[in-house]
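Structure, as structure tokens:
Letters A, B, ... are given to chains in the order of the sequence lines, protein chains preceding strands, and every chain is numbered from 1.
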2 protein chains.
Amino acid sequence: MKWIRVNMSDLSVKVEDVPKKYEQMGGRWLTSSIIADEVPATCHPLGPLNKVVIAPGILSGTTAPSSGRISVGTKSPLTGGIKEANAGAKFGQYLKRMGYSAIIVEGQPKNKESRYLLNISKEKVELIGADEYKFMGLYELNEKLAAKYGKDVGIACVGPAAEHLLAGTGVAFNDVENRPARYAGRGGVGAAFASKGLKAIVVEAVTGQATILNNELFETGRKKLLAALQEHAVTKPKGALNTYGTAVLVNILNEAGALPTRNFSSGTFEGAKKISGEAMAEAAAKNPQAGMMGHRCHPGCVIGCSVVYPDAQGKSHTSVEYETLWAIGANCGIDDLDAIAQMNTMCNDIGLDTIEFGDAVAVAMEGGLLPFGDAKGAIALLEEVRKGNPLGKIIGSGCSTVGKVFGVRRVPAVKNQGMPAYEPRVIKGIGVTYITTPMGADHTAGYSIAPEILGVGGKFDPHTNEGKVKLSKDFQATTCFIDSTGCCVFTAFAILDIPSGFEGMVEACNAVTGANWTTSDAYEIGLNILKTEHQFNLAAGFTANDDRPPEFMKLEPVPPHNMVWDMADSELDSIWK
Amino acid sequence: MKWIRVNMSDLSVKVEDVPKKYEQMGGRWLTSSIIADEVPATCHPLGPLNKVVIAPGILSGTTAPSSGRISVGTKSPLTGGIKEANAGAKFGQYLKRMGYSAIIVEGQPKNKESRYLLNISKEKVELIGADEYKFMGLYELNEKLAAKYGKDVGIACVGPAAEHLLAGTGVAFNDVENRPARYAGRGGVGAAFASKGLKAIVVEAVTGQATILNNELFETGRKKLLAALQEHAVTKPKGALNTYGTAVLVNILNEAGALPTRNFSSGTFEGAKKISGEAMAEAAAKNPQAGMMGHRCHPGCVIGCSVVYPDAQGKSHTSVEYETLWAIGANCGIDDLDAIAQMNTMCNDIGLDTIEFGDAVAVAMEGGLLPFGDAKGAIALLEEVRKGNPLGKIIGSGCSTVGKVFGVRRVPAVKNQGMPAYEPRVIKGIGVTYITTPMGADHTAGYSIAPEILGVGGKFDPHTNEGKVKLSKDFQATTCFIDSTGCCVFTAFAILDIPSGFEGMVEACNAVTGANWTTSDAYEIGLNILKTEHQFNLAAGFTANDDRPPEFMKLEPVPPHNMVWDMADSELDSIWK
């Protein structure tokens, strides 16, 4: 395998052989390893010493089901620690089929006003001046790039909010319809990407399959994984995820009293039904031209958890996810699906992470900037972000900065990253994940919601602390491995309950890499990735005090369960022992 | 001795005997000890668990010369670490004469819209509703309070910017003319004070002298200290400090190539002469009704380092200090003395620390918000702060937040606190102080400028690293002791060069407290205060990585000397060994 090393200081591009150490790595394993090895932990995230690494998973570009995730790694401008965020997109599949396991972007152009585009084709890899796209919204950009480079290309790009270097921004990948809708969203990876002077990376479409060393073993593994996905209630055809999308969770979490509402001041939202997956499915059924359930983020996904939501005007808003419905909806007290979908599309266009945006708006609402439920006011804030006005820059910097600037103490963040859509005071295991993952508050880092709420992979009472550190640790380690394979985190549902599914995933990886891993090896690999990331953070200056919930969660009981965060700090710290 | 404990949660006021452990303490020693003992290091600085401690020095309220400093201690909303900021004012002298060694403010009112005033008289101590003063500017407030409580009262108060809970705010004390001009400025102590719902503390005027256990020893000590101050070239009558004020430093630092200019991009400012002490003295000579050199911050000061500057309209702007001239002047590329004096007065009125404000504006200028040198634009920013508009809230939050929001990498801060008026790449000793003091970048924490630039207390080449850690450590420890006595940090000039002066200071302290300290005991006491503060920060989550300069200072040589920060991290860390 090769990787592409782009130096933005001298605008050079090199194609290098992947050193032996990294040969079997992919996705998060590869991005976190390169960042840990090459980036000084204490460097400024927006400076010349930071790097941005983009890596498809081990299985990306193959026919393994739902394996098209692409990882973006860097030192996070939001948390100051190591970061991996991933998205499902054709981009990584093409890259892998072309024989590249990563793109490493380093250095920084002298002129911070310049913009560049990295064009990757079978013939050559080149940096091209791209000033004409400066501050361009991503819908227009993707249209222009598809027109210029071909409608099937893979595109990675950053919006105007990222060009303003705001820490609440992600890297957008184009979906199958060339919408900038698939986000490696969290931790400000968009700002890190933009700080390199890069506006976009375009990769030529490549059909076929990435290199596989053992085709027979691959087929065995692929089939076992596929069978598990197609058998499990959550992921199977006409299963929970493709019937209502991830939004199926709105009503479930609301009923559990764990849907954070109005800046984490309650666990239930009276408007939950109006923003639920059921409501979206109803809208899609009424307007089948514009709406679609079971949309796929990348070719080859067999789950199809996305929803193309049609608003009252019949406009398609792709992939309105649970997290967004919650962040911009319940958490801001907004129950208007059309307004949420509109803001989702605007975030995609501007380059914002919808979770961080929703958390930021909710904290600003708490700070008195606008009332809870004010959808029009929130939409106006997005226009401020696009323009780079001071208020927009505050909002685009994420909820922790909003809290500082507006003097708000109830800031639902860990390591400065805003919390996702599950109340940690009520669901203790996901709380352990938010608090201890090296990523900053992140549900995907160890999705214990599966056993705590959905009864998948065992059953745990969400309200108790007992066993939750081990539960979260096991999920975090396994997730590190899954995030390295290129498989969607939702494959975890099936492989947790159906052991042959996990075996199949590992066998497929062995077939691609020539390794001989067992499932317990996979767990160990994951645990080592986690430790590498944790070590980076320690070297960056993190301590056990960064593995703590915000103070208000210890002091303020959240209704309706009136629970506080009551796990001992020492128990949290035991995760690293 | 007694202290006053105010609980803002239940609005109770208690007068308590000072526990034995704290009996001999004063000023910074007392504030840092109480904060370390009573405040959980990881608490939210603006939450109910933080406390604000206000303590006069050991000698405050006596006739010891220049001993009227008052310390404000808290967990800093700006740095997240321990904080002590002090000012010279009659407030602390009255408090001490009344027999109080401290005011401890704890808890938080349920209704964050309410304001209170603590009224301290010889008869009683009471909390009074003060909603009528909410968001009032401090000139008007001080006038109103003097009219109501008497023109000689001591006042501690916070401006509208502090009520917005902005981290760049201080606590103002009234000067002899009842101007809110004496600031415990740094680290956001104003926001911490305001977060308690307190708008002001008024203390009745008390004449006479604070309790002294050994009058004879006191007189011996007092006279030795006084003689040293009146003999030393820097502090004597018609000496450097009272002839040109602290502003005497403008030309000196500019000539040394160490006057940080335009957000620390150069060490010389072409407009330095126009904003120098010499220029202020000329203006004061032309307009003796409005101007005055040698103004004193508190009764009993024998140095008189302040300048009442008269602007072109003949308006008096009190105490335009070197740090302000530099921060709002050279660092923002502004060479208009009248505009700087106007902004200084506005900062005093609004409640802002002028150093943090200047650093914040300079970073915003670098971020393209307004051009360097734009005095009108900077004045308009102050109006934004007063109103609590979003842009004003960014600026009022300090330079680190401005850097985050505006995506600026050249942020001259340590522990999030903006650097003062000396270029650490050029004057290495003060760099060690900025970087290692538990306070965040602070020149007063260990003013090695004395031997490095002024030839006081020995002579050190500013450009070399050699011996600078020890130099800074000695200064920091000694300063901790001086900050505990209530003596002005400028007494250090005299006592460094004239050993009997330091002896006198220590003897006077012994006379007040009944202790039997030698000058080496005083050093050890200071060192222990420093260690207590460092320990608090470690418990709050600080690591050696917080004792580091901003990255740009290692990468960017600053003209004219074209020097970078080149001291090894391990050398910095040796200060704690």
Exercise. Which answer fits B:Ala540, side chain, backbone, both or neither, if we ask what part of it has an atom under 4.5 Å from a heavy atom of chain A?
Worked result: backbone

Problem set entry | Check: B:Ile435 main-chain N/O paired with B:Lys415 side-chain donor or acceptor under 3.5 Å | yes

Exercise. Is it the case that more than 12 heavy atoms not belonging to B:Lys376 sit under 6.0 Å from its NZ atom?
Worked result: no

For this session: Below 4.5 Å from any heavy atom of chain A, which atoms of B:Leu538 appear? Answer side chain, backbone, both or neither.
Result: backbone

Exercise. Does any heavy atom of chain A fall under 4.5 Å from the side chain of B:Ala364, the backbone, both, or neither of them?
Worked result: neither

Exercise. Would a 4.5 Å heavy-atom cut-off, applied to side chains only, mark A:Phe372 and A:Glu366 as touching?
Worked result: yes

Problem set entry | Donor-acceptor pair, side chain of B:Asn50 and main chain of B:Val39, under 3.5 angstrom | no

Problem set entry | Minimum side-chain heavy-atom gap B:Cys157-B:Lys199 below 4.5 Å | no

Exercise. For A:Ala41, is it the side chain, the backbone, both, or neither that has a heavy atom closer than 4.5 Å to a heavy atom of chain B?
Worked result: neither

Exercise. Checking A:Lys112 against chain B: side chain, backbone, both or neither under 4.5 Å from a heavy atom?
Worked result: side chain

Exercise. Among residues 389-398 of chain B, which residues come closer than 4.5 Å to chain A, judged by heavy atom distances?
Worked result: B:Pro390, B:Leu391, B:Lys393, B:Ile394, B:Ser397

Problem set entry | Residue list, salt bridge (Lys or Arg N to Asp or Glu O under 4.0 Å) with A:Glu384, at least two apart or on another chain | none

For this session: Kindly state whether the ring of B:Phe135 and the ring of B:His164 have centres lying under 6.0 angstrom apart.
Result: yes

Exercise. Do B:Pro412 and B:Val363 come within less than 4.5 Å of each other through their side chains, counting heavy atoms only?
Worked result: yes

